Amino acid sequence: MKGSAIEELSSINNVAFDGQREITRLCIECGLLLLQHGAESMLAEQLTTRLGIALGAHQVESAISSNSLVLTTIIDGHCLTSTRRIIDRGINMHVVTEVQHAIILVEHHLLDYKQLQKKISSIKPLRYPRWLMVLMVALSCGCFSKLNDGGWDGALVTFIASGFAMYFRQVLTSRQINPLINFCITAFIATSVSGLLLKIPYFAPTASISMAASVLLLVPGFPLINAIADMFKGHVNTGLARWTMASLLTLATCIGVVLAMAIWDLREWA
């Protein structure tokens, strides 16, 4: 009788451990998806905690750094910790929104952990067609040039230069080129195209704002916003890491611009 009771207790403990392991795995997978696609650290921390509690955990603790996520669930005094490496997948708010929506469904008991697992596995980043991205980025940069007294000719120069730059940026990204090299080359292309167009007699009177506007697609606005948000909300280390990366991207952009101006002897921006 004593042996069978011990075996039964051991079986119950194994079932409980398997359930906690599944909860921990789902929580850290959701947190990983959020951080890989541009969510701020506090949002990832709050959503993983909410998910763990909704699935039955008594407490969820997480530690987020610039390239790793450590998450611990506590159920009936038992702790289970899991660690994952964060690999940047590019900013994609569609993934962040889908994960948040799935967690809300779990909180309202509309999804169980098996359904949640299927839903997480089905989440894929939403990618717009390359031609549409090139067109919209070129239009936005051209409009900025026009709004800053660049005239319609300046808007046209910016439209052409930023369109070329965005196309090559996407090509370099698809080949997994280092982001710093990518930004430097893209800035070089944008400055070269806009500067050489300004040397054409037809565009001679065009305002030089068109050269500056053509590299606006390289402004790391989202990383800078997340960096400030992280530092304000207590994730100072992560915020500083994101700020440093955004600063390096800005530096790479400046190097590309200066290099193009030096090679082609462009004085319009100066």
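Here the structure is a predicted model, which means the values were calculated and not measured.
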Could you measure the distance from the SG atom of Cys254 to the CG atom of Leu249? Nearest 0.5 Å is fine.
11.0 Å
Can you give me the closest heavy-atom contact between Leu266 and Ala260, atom names plus distance?
CD1-O, 4.0 Å
Indicate the atoms forming the closest heavy-atom contact of Thr48 with Cys27, along with that distance.
CG2-O, 3.3 Å
Can a donor-acceptor pair be found, under 3.5 Å and without considering hydrogens, that links the side chain of Asn237 to the backbone of Ser66?
no
Is the shortest heavy-atom distance from the side chain of Lys119 to the side chain of His101 under 4.5 Å?
yes
When you group the ILVMFWY residues by side-chain heavy-atom contacts below 4.5 Å and let the links chain together, are Ile53 and Tyr113 in the same group?
no
Point-to-point distance, once rounded to the nearest 0.5 Å, from CG of Leu240 to OG of Ser247
10.0 Å
Do Val193 and Leu172 share a hydrophobic cluster, counting only Ile, Leu, Val, Met, Phe, Trp and Tyr and linking them when any side-chain heavy atoms are less than 4.5 Å apart?
yes
Verify same cluster id: Ile209, Phe203 (apolar side-chain graph, 4.5 Å):
no
Taking atom CH2 of Trp243 and atom OG1 of Thr238, what is their separation to the nearest 0.5 Å?
15.5 Å
Hey, any chance Leu196 and Ile263 share a hydrophobic cluster, counting ILVMFWY side chains that come within less than 4.5 Å of each other, even indirectly?
yes
Would you tabulate the side-chain donor-acceptor contacts of residues 129-140 under 3.5 Å, counting partners in other chains and residues two or more places apart, or write 'none'?
unit_1 : atom_1 : unit_2 : atom_2 : d
Ser140 : OG     : Met136 : O      : 3.3
Ser140 : OG     : Val137 : O      : 2.7

For Asn148 and Gly150, indicate whether the former's side chain and the latter's backbone hold a donor-acceptor pair under 3.5 Å.
no
If you take all heavy atoms of Gly38 and Asn226, which pair is closest and at what distance?
O-ND2, 2.7 Å
Gln20 side chain vs His78 backbone, donor-acceptor pair below 3.5 Å
yes
For side-chain contact (heavy atoms from CB on, under 4.5 Å), just list the numbers for Gln117 and Glu29, CA-CA rounded to whole Å, side-chain angles, deciding distance to a tenth of an Å, and then say yes or no.
CA-CA 9 Å; Gln117 183 176 356; Glu29 283 185 3; 5.6 Å; no
For Ile255, the rest of its hydrophobic cluster, which grows through side-chain links under 4.5 angstrom
Leu251
When rounded to the nearest 0.5 Å, the distance separating CG of Leu33 from CD of Gln100 is 13.5 Å
Contact between His37 and Pro125 at the side-chain level, heavy atoms closer than 4.5 Å - yes or no?
yes
Cluster companions of Leu71 among Ile, Leu, Val, Met, Phe, Trp, Tyr (side-chain spacing under 4.5 Å):
Ile28, Leu32, Leu35, Val60, Ile64, Leu69, Ile86
Are any non-hydrogen side-chain atoms of Asn92 and Arg127 less than 4.5 angstrom apart?
yes
Decide side-chain contact (heavy atoms from CB on, under 4.5 Å) for Thr81 and Glu61; before the verdict, give the C-alpha distance in whole Å, the side-chain angles of both, and the deciding distance to 0.1 Å.
CA-CA 9 Å; Thr81 301; Glu61 301 289 345; over 6 Å; no
Minimum-distance pair of heavy atoms, taken over all atoms of Ala227 and Arg242:
CB-CB, 3.9 Å
Tell me who clusters with Val219, hydrophobic residues only, linked when side chains sit under 4.5 Å apart either directly or through other members.
Phe144, Leu216
Smallest heavy-atom separation, Trp264 atom then Lys199 atom, equals O-CE, 3.6 Å
Spacing of CG belonging to Leu248 relative to SG belonging to Cys184, to within rounding of 0.5 Å:
12.5 Å
Could you walk me through whether Thr73 and Leu55 pass side-chain contact (heavy atoms from CB on, under 4.5 Å), step by step?
CA-CA 11 Å; Thr73 58; Leu55 290 174; over 6 Å; no
What donor-acceptor contacts under 3.5 angstrom involve side-chain atoms of residues 176-183, with partners at least two apart or in another chain?
unit_1 : atom_1 : unit_2 : atom_2 : d
Asn178 : OD1    : Leu180 : N      : 2.8
Asn182 : OD1    : Thr186 : OG1    : 3.1
Asn182 : ND2    : Arg169 : O      : 3.4
Asn182 : ND2    : Thr173 : OG1    : 3.0

Any donor-acceptor N/O pair, Gln115 side chain to Asp112 backbone, under 3.5 Å:
yes
Decide yes or no for Ile104 and Arg50: does some side-chain heavy atom of the first lie under 4.5 Å from some side-chain heavy atom of the second?
yes
Interatomic distance, CG@Leu111 vs CD1@Ile120, rounded to 0.5 Å, equals 9.5 Å
Does a donor on one side chain sit under 3.5 Å from an acceptor on the other, for Ser194 and Ser210?
no
Could you give me the CA-CA distance, side-chain angles and deciding distance for Phe188 and Val257, then say whether side-chain contact (heavy atoms from CB on, under 4.5 Å) is met?
CA-CA 5 Å; Phe188 176 83; Val257 171; over 6 Å; no
Phe159, Ile200: one ILVMFWY side-chain cluster at the under-4.5 Å cut-off?
yes
Report yes or no: does His58 contribute a side-chain atom to a donor-acceptor pair with the main-chain N or O of Asp76 at less than 3.5 Å?
yes
Does Leu156 reach the side chain of Ser145, with side-chain heavy atoms less than 4.5 Å apart?
no
Distance-only criterion, 3.5 Å: show the donor-acceptor pairs between side-chain atoms of residues 39-46 and protein atoms not counting sequence neighbours.
unit_1 : atom_1 : unit_2 : atom_2 : d
Glu40  : OE2    : Lys233 : NZ     : 2.7
Ser41  : OG     : Asp230 : OD2    : 3.2
Glu45  : OE1    : His235 : NE2    : 2.9

